Amino acid sequence: MSPAPPRSAFTPRELRIIEAAKTPETVQRWLESLPYNHEEHGETLRTFRGVVRANQVHCLEGALCAATILEQHGYPPIVADLESQDDLDHVVFLFRNGRKYGTVARSRDPGLHGRKPVFRSLRDLVYSYVDPYVDFTGRITGYGVLDLRTLREDWRLSTLNVWAVERALIRMPHHRLLTSDERYRRWHARYQRYKERYPDRRPKFYRDRHRWL
């Protein structure tokens, strides 16, 4: 298991972010303050160090940032991968408050951001993402959990793209998640109607928003 780096390994700018973001809630706010990384100039998978330098972030980069920051405050660096039928997975930082699960996450869609630690099981937490995941092609089909400390790749502070993290997420075992076809079709139709009316907006019409971080 790779240990957390000492504070001396971080730059002054990185340390300021770590000191200001001591909880999942404050890390979530920091991630949401960054421009989304649409990878317009090529695919990236940056570490916390790379994200701080580039000042932009996408979902897997956000999970790595949350893991690096919160590890410095005593949280295990664990992420969950949500598999989708269109192979566009979503990765979230997973944490616990007592026996309840929560997440920190960054996405283009508000409904796929973090969750408050109110879920009794990981499966219940994943279900909270099922409806917001539905777009033109997306539907959650499974989920898996990875302790980043088991990886040899420097996923915390490397200045290079850390593709080994993505490969590890793809290879690890996933639990199948069965959901209602009727429910999926209903949300899919609603999403299509919304985008026809508001092509440049992201929906926030989900009834469980009080559980969002």
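Here the structure is a predicted model, which is why all the values come from computation and not from measurement. FYI, the numbering just counts along the sequence from 1.
Taking the six-membered ring for Trp and thresholds of 30 and 60 degrees, F95 and Y75 have ring planes more than 60 degrees apart, a perpendicular arrangement. By the 30° and 60° cut-offs, the orientation of the rings of F136 relative to Y191 is perpendicular.
Side-chain contact check for E61 and T44: at least one donor-acceptor pair (N or O, by modelled atom type) lies under 3.5 Å.
Interatomic distance, CZ of R16 versus OG1 of T11, reported as 7.5 Å (0.5 Å rounding).
Screening R53, R7, R49, Q72 for a side chain to side chain donor-acceptor pair (under 3.5 Å) with E14, the sole residue that qualifies is R49.
Smallest separation of non-hydrogen atoms from S2 and W155: OG-NE1, 4.3 Å.
Taking 4.0 Å as the cut-off between side-chain N and carboxylate O, E71 and R149 do not count as a salt-bridged pair. Between R183 and D131 there is a salt bridge, since at least one side-chain N of the basic residue sits less than 4.0 Å from a carboxylate O of the acidic one. Between R185 and E182 there is no salt bridge, since no side-chain nitrogen of the basic residue lies less than 4.0 Å from a carboxylate oxygen of the acidic one.
Taking the centre and axis of the six-membered ring of Y194, the NZ or CZ atom of R201 falls outside the cone set by 45° and 6.0 Å. With Y184 as the aromatic partner, R139 meets the cation-pi criteria of under 6.0 angstrom to the ring centre and within 45 degrees of the ring axis.
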**Q.** Pair R115-S128, side chain to side chain donor-acceptor pair (under 3.5 Å): steps then yes or no
**A.** CA-CA 8 Å; R115 296 292 189 265; S128 77; 2.9 Å; yes
